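Below is one structure, written out as structure tokens, with a few remarks after it.
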Amino acid sequence: MTHVITDRCVMDGSCVEVCPVDCILPARDDSELEIVEQLYIDPRLCIDCGSCVSACPIDVIRADFEVADDRAYAIVLNASFFEQRTEG
Amino acid sequence: MTISRPRVAVIGAGPAGAYTASLLRTRCDVELDILERLATPWGLLRHGVAPDHLEVKTLQDRFETETFGRGCRFMGNLDVGTDISHDELALHYTALFYATGTQQDRPLGVPGEDLANSLSAQEFVYWYNGHPAYRDLDVDLSGERAVIIGNGNVAIDVARILVKDPDELRCTDIADHALHSLRGSKVREVVILGRRGPAQAAFSNAALRELGDVRGIDVHVDPAEITLDPASERWLAEEAGFTARRNVQLLKGLAARGPEAGSHRRVVLRFLRSPFAITGRDRVESVVVRRNEIRREGDRLQAREIQGHDETVDCSLVLRAVGYLGAAIPGLPFDGDRCVLPNDHGRVVRDGAPVPGVYAVGWVKRGPTGILGTNKRDAEETVAQFVADLEAGTLPPPSMPSRDQLDELVAERKPTTITVEGWRAIDRRERARGAAHSRPRRKLSSTPDLLEAASDPN
């Protein structure tokens with residue numbers, strides 16, 4: 001299980017500040033912030049504490065099993081962001 | 001000796017101003033005012049973000065809590081530069097943070113741009129979002145085809161609003177007059193012209209995916225137009241980021257998709273096409289489109305026009321979505337090339353030296369780039385300069401430190417200045433009007449209506 005950020009993310013980094021395992025990227029001051037279009041949660045590291053859910057100012061973070069069907073692509077999107085980084 | 005709290009003003013209550021005020025509230029002990037030329041706060045969050053992006057609009061609740069909820073004062077309907085000058089404000093405040101954004105759209109610079117029904121996307125967006133200065137914009141949706149020029153998220157937003165079933169917009173806070181016009185719209189096809197190729201498109205994956213998912217419409221992409229030239233192909237493989245690579249994948253997916261049964265509207269994404277002229281007798285009748293190719297020039301890929309492939313696209317509405325330009329603020333220096341306040345990490349500079357106590361944040365600082373949250377990091381940088389200046393003692397107290405003198409001046413210049421209580425009365429009224437129709441709010445979109453609501457104690 002993991003938590004997932006949907007693509008409405010406005011990237012203000014409130015979730016990054018509260019994540020206890022630093023599994024949300026790009027991190028603060030990372031130059032990659034300039035080129036990504038949302039923040040992503042690494043499903044391999046997320047411990048499902050839910051801190052990010054309450055920190056998100058627009059409530060677009062969900063546990064994967066709670067993601068609405070029309071936003072299901074977000075689960076793949078979060079995972080594939082980290083896969084392509086590993087490949088790169 | 002009396003030690004009074006420094007008095008600080010944030011000018012512009014858009015996202016950059018809101019994030020700045022929020023940070024100033026938590027990091028410093030200051031008396032804080034937010035000045036705004038419109039009657040309502042939150043800038044492009046209210047008047048720019050598409051109405052069907054309901055989740056994003058909820059950011060206003062966070063802004064409200066972190067600013068007005070923590071004692072910031074609001075002075076709405078007060079235009080700095082018209083009602084009160086920068087020099088006057090400087091007499092009353094220790095520091096001024098300019099978060100005024102961009103005030104105008106970038107022109108295309110082609111003949112016919114000024115014909116009736118050739119509009120900037122910004123005007124159109126302000127119109128459907130209920131901006132008081134644009135509620136009477138003459139938007140004619142009686143023709144079957146609209147052309148949008150530009151390849152960013154604004155172009156996609158505007159296209160989506162034009163083709164989406166108005167019944168799906170009914171549950172949003174779209175302006176009533178726009179919903180009414182869209183219900184009567186005859187627009188059946190929206191053509192989006194991108195100057196560059198699919199690999200260079202500026203829109204996000206999210207925007208493209210959302211467009212592809214709009215119910216009851218087709219998104220048409222000609223496979224030939226998204227076949228990459230060798231330079232773009234190499235760039236995409238070797239240098240491009242996640243967004244560009246996925247955009248191309250998404251576009252290939254759209255190109256392979258056949259028309260949907262029963263669809264009644266369509267969006268056509270064109271690439272390597274620039275407007276050469278907009279033609280018509282007194283209203284828009286067509287756009288002459290010229291073809292481009294991508295060339296590598298130095299380490300950059302540039303779109304260059306090629307002759308002999310012009311085509312004419314008949315249409316009755318043209319919306320240009322090719323960016324914004326900042327405007328100069330009287331009394332302050334201005335970088336006319338970048339259209340920003342010249343600044344060093346947020347400290348406004350004149351002839352290379354900081355102007356004490358004057359700061360810039362948001363688009364007027366960095367130019368029109370980034371998304372909503374980008375302004376939080378931007379505000380952190382600017383606020384850090386202010387904190388350093390405050391600690392270094394380089395900010396002299398204002399020559400007129402009395403709050404009463406400031407309030408008297410504002411009351412004299414703009415008796416209709418809106419306070420936090422006034423804004424909250426507007427907010428309550430709009431939400432109540434919406435609740436009756438299962439909408440998050442029904443906006444008041446004329447200044448007299450807003451002023452009337454602001455003075456309603458209930």
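Keep in mind it's a predicted model, so treat the numbers as computed, not measured. In what follows, every chain begins at residue 1, and chains take the letters A, B, ... in the order their sequences are listed.
Of the listed residues (B/Pro15, B/Ser204, B/Gly241), the one with the most heavy-atom contacts under 4.5 Å to chain A is B/Ser204.
A/Val10 and B/Ile371 make their closest contact through O-CD1, 3.4 Å (heavy atoms, listed as atom of the first residue, atom of the second, distance). For the pair B/Asn205 and A/Glu37, the tightest heavy-atom approach, listed with the atom from each and the gap, is N-OE1, 2.8 Å.
Neither the backbone nor the side chain of B/Gln60 comes within contact range of chain A; no heavy atom of the residue lies under 4.5 Å from a heavy atom of that chain. Both the backbone and the side chain of A/Phe81 have a heavy atom closer than 4.5 Å to some heavy atom of chain B. Only the side chain of B/Tyr19 comes within contact range of chain A, with at least one heavy atom under 4.5 Å from a heavy atom of that chain.
The CG atom of A/Asp12 sits 10.0 Å away from the CG atom of B/Asn375 when rounded to the nearest 0.5 Å.
Side-chain contact between A/Ile35 and B/Phe242: absent, with no pair of heavy atoms (C-beta onward) separated by less than 4.5 Å.
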The test is side chain to side chain contact (heavy atoms under 4.5 Å, CB included); show your working for A/Ser14 and B/Lys376 and say whether it passes.
CA-CA 10 Å; A/Ser14 300; B/Lys376 186 169 172 186; 3.3 Å; yes

Pair B/Arg246, A/Gln84 - check side chain to side chain contact (heavy atoms under 4.5 Å, CB included), show working.
CA-CA 11 Å; B/Arg246 285 193 61 90; A/Gln84 57 95 30; over 6 Å; no

For a side chain to side chain contact (heavy atoms under 4.5 Å, CB included) check, start with the C-alpha distance between A/Met11 and B/Arg377, then their side-chain angles and the critical distance, and finish with the verdict.
CA-CA 10 Å; A/Met11 288 177 66; B/Arg377 295 183 287 282; 4.2 Å; yes

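Scanning residues 50-64 of chain A against chain B with a 4.5 Å heavy-atom cutoff picks out A/Ser54, A/Ala55, A/Cys56, A/Pro57, A/Ile58, A/Val60, ordered by number.
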